[in-house]
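Working notes, structure below.
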Amino acid sequence: MGETPPTGKGSTPQRGLISGYVWKLIRESVSLTQCQLAEWLSVDVATVQGWESGRRPLTALRAGDLARLRVRLIGRGAAPKLFTVLTDAIEADIIIDHALHFGTSTSDPRHHPLAVTVHRRDLTNLITWPFNRLLPTQLGDVILAQPKRRGPAAAGPTVSVSERRRFFDHLLAVAEMHQDPEYALLRRQAVYLLSFDSARGTRDWLEHQHVRAVRRVGQDYDLASWVAVRSSAVSLTRYGQRDPLAAFVRQGFADADRAAANLNYWAYWLGEVPEIYVDDGFMARNGAASWDGRRILRHLLARLEPGADQFDLDLCTVWQLVVARPRLLADRPDLRVRLSTKTSAALDHGDLDVHARRELSDIAYAIKLSHG
């Protein structure tokens, strides 16, 4: 299809939903009202209000103007981290605006914003913020430090019911229309975002897609099909369906290459790898020395609870990490102690299968060896 979106009632103009809210957090972090900020920056108060509401998206500003605003606000005390979040928020807005603009139509898949780079957790958290109302982890400490607002205020960026449906309908259209291997990244990232839709029809569609992905792997294994199974199995856990992911963990790591691909993906997802990748091939290419695993282990330690939706994958990844980075526990006694506590508690849990209990026992043994 061409790149001209449908016109008429369904079309949605560009706006800055996520970046506008982050901009408000930046303003509040330096204790300025909208009027005070407008006066300090020598702009009309309506301009500041437009930035924060998204009616005047920050994407419309020239790069130099945005950079000058950044310098001035950091000079006043704004945390530089907030501007890193703002950069991701602008990209999240581009993705959301694109979906709302095209609806059930789709643009040239080569230029779709979901096909440009492999997403990290921080970006995905911002994209899904208006839909799941979960505060992005990178903003947790910022929100806690914010002054209390007077009167009622939205706890995050919001979308209407019709916008929510239009966003997910676009993702479904993209996933349906672009199934060629050439567009594997576009489709995979659309499928993953679809798992944040609570509609029964979407859940049924994702179940069907997972079955198809498993069949493809069974016929002819390659990295792209393996990643598709992994991603769709993780997506189904959002609906409380743990069996597909458990089956993937039991069967999907039959060799060292797949285990390495899993760890490389976690390292990229959590930001241990500084490079930005444009396709999923990095999982097989990434060198062993490009990440050390500390961030992966910290993240997984916070989630390692029997009964959690993704426990099977998280536990297997910890085991793979301990094997791949044998010095990690010896060099980081703080992480070793936390892992020992988590492992002991998990082993005491009655509802563990043989596979999980064996991995936990292997991790416990590795912890003992790391003391030497």
Side-chain angles (χ1 to χ4, degrees), residues 14-97 113 116-130 133-151 153-158 268-277 291 294-295 298-299:
Q14 183 187 40
R15 63 176 183 169
L17 179 69
I18 314 297
S19 57
Y21 196 90
V22 173
W23 181 262
K24 179 170 71 171
L25 295 178
I26 293 172
R27 172 180 61 78
E28 292 176 343
S29 74
V30 293
S31 301
L32 289 175
T33 65
Q34 290 180 335
C35 291
Q36 289 169 336
L37 180 62
E39 182 178 356
W40 188 59
L41 296 177
S42 301
V43 298
D44 192 278
V45 68
T47 298
V48 174
Q49 292 170 343
W51 288 339
E52 296 188 7
S53 68
R55 291 191 304 272
R56 294 188 178 185
L58 293 167
T59 52
L61 287 176
R62 292 178 298 183
D65 292 337
L66 189 57
R68 280 187 284 273
L69 291 175
R70 174 181 179 275
V71 169
R72 291 196 65 183
L73 285 162
I74 289 177
R76 188 179 173 91
K81 172 185 175 180
L82 279 171
F83 289 90
T84 301
V85 177
L86 182 64
T87 299
D88 281 342
I90 289 173
E91 184 173 352
D93 281 331
I94 290 171
I95 292 166
I96 293 173
D97 288 344
V116 178
T117 62
V118 182
H119 291 176
R120 298 186 193 273
R121 177 187 61 161
D122 285 354
L123 174 59
T124 301
N125 285 350
L126 289 166
I127 297 170
T128 56
W129 193 7
R133 306 292 179 87
L134 295 178
L135 179 69
T137 53
Q138 63 268 42
L139 284 174
D141 55 344
V142 174
I143 296 295
L144 290 175
Q146 295 290 79
K148 292 184 178 180
R149 302 187 183 101
R150 295 180 180 177
T158 59
Y268 181 84
W269 173 252
L270 296 172
E272 281 209 29
V273 179
E275 295 84 6
I276 299 295
Y277 293 109
W291 52 267
R294 286 178 292 177
R295 191 173 297 185
R298 286 196 200 97
H299 174 77

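Atom CG of residue L270 and atom CZ of residue R298 lie 11.0 Å apart, to the nearest 0.5 angstrom. Of the inter-residue distances, the one linking I90 atom CD1 with D97 atom CG reads 11.5 Å to the nearest 0.5 angstrom. The structure places CD1 of I95 at 3.5 Å from CD1 of I127, a figure rounded to the nearest 0.5 Å. From R55, atom CZ reaches atom OG1 of T47 across 10.5 Å, with rounding to the nearest 0.5 Å. Note that the CZ atom of R294 and the CD atom of E272 stand 7.5 Å from one another [nearest 0.5 Å]. Atom CD1 of I18 and atom CD1 of I96 lie 4.0 Å apart (nearest 0.5 Å).
Within the 4.5 Å cutoff, no side-chain heavy atoms of W129 are placed close to those of L134. When side chains are defined from C-beta on, V22 does not count as touching D88, because their heavy atoms never get closer than 4.5 Å. By the 4.5 Å heavy-atom criterion applied to side chains, V48 and V43 are counted as neighbours. By the 4.5 Å heavy-atom criterion applied to side chains, R120 and I276 are counted as neighbours. Two residues are said to be in side-chain contact when any heavy atoms from C-beta on lie closer than 4.5 Å; L82 and S29 meet this criterion.
Identified under the ring-ring contact (aromatic ring centres under 6.0 Å, His included) test for residues 22-71, with sequence neighbours left out: W23-W51. For residues 56-88, the set of pairs meeting the ring-ring contact (aromatic ring centres under 6.0 Å, His included) definition, not counting sequence neighbours, is empty.
Residues S19 and L86 come closest through the heavy atom pair O-CD1, 3.7 Å. Closest approach of L126 to A89, counting heavy atoms only: CD1-N, 3.6 Å. For the residue pair H119 and T124, the shortest heavy atom distance occurs at CB-OG1, 3.8 Å. For the residue pair D93 and L17, the shortest heavy atom distance occurs at OD1-N, 3.1 Å. Counting all heavy atoms, side chain and backbone alike, L32 lies closest to R27 at O-NH1, 2.8 Å. The two residues A78 and I26 have their closest heavy-atom pair at CB-CG2, 4.2 Å.
For the salt bridge (Lys or Arg N to Asp or Glu O under 4.0 Å) test, residues two or more places apart in sequence or in another chain that qualify with D65 are R62, R68. Residues forming a salt bridge (Lys or Arg N to Asp or Glu O under 4.0 Å) with R70 (at least two apart in sequence, or on another chain): none. Partners of T117 by side chain to side chain donor-acceptor pair (under 3.5 Å), not counting sequence neighbours: none found. Every residue was checked against the salt bridge (Lys or Arg N to Asp or Glu O under 4.0 Å) condition with R121, not counting sequence neighbours, and none meets it.
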- Message: Set out, in order, the CA-CA distance, both residues' side-chain angles and the distance that settles side chain to side chain contact (heavy atoms under 4.5 Å, CB included) for L37 and L73, then state yes or no.
- Response: CA-CA 10 Å; L37 180 62; L73 285 162; 4.1 Å; yes
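Heavy atoms of other residues, nucleotides or ligands lying less than 6.0 angstrom from CD of E39 number 12 at most. With a 6.0 Å radius and a threshold of 12 heavy atoms from other residues, nucleotides or ligands, R76 has its CZ atom above the threshold.
A side-chain donor-acceptor contact under 3.5 Å links R295 to the backbone of G271. Put simply, the side chain of Y277 never gets that close to the backbone of Y268: no donor and acceptor are under 3.5 Å apart.
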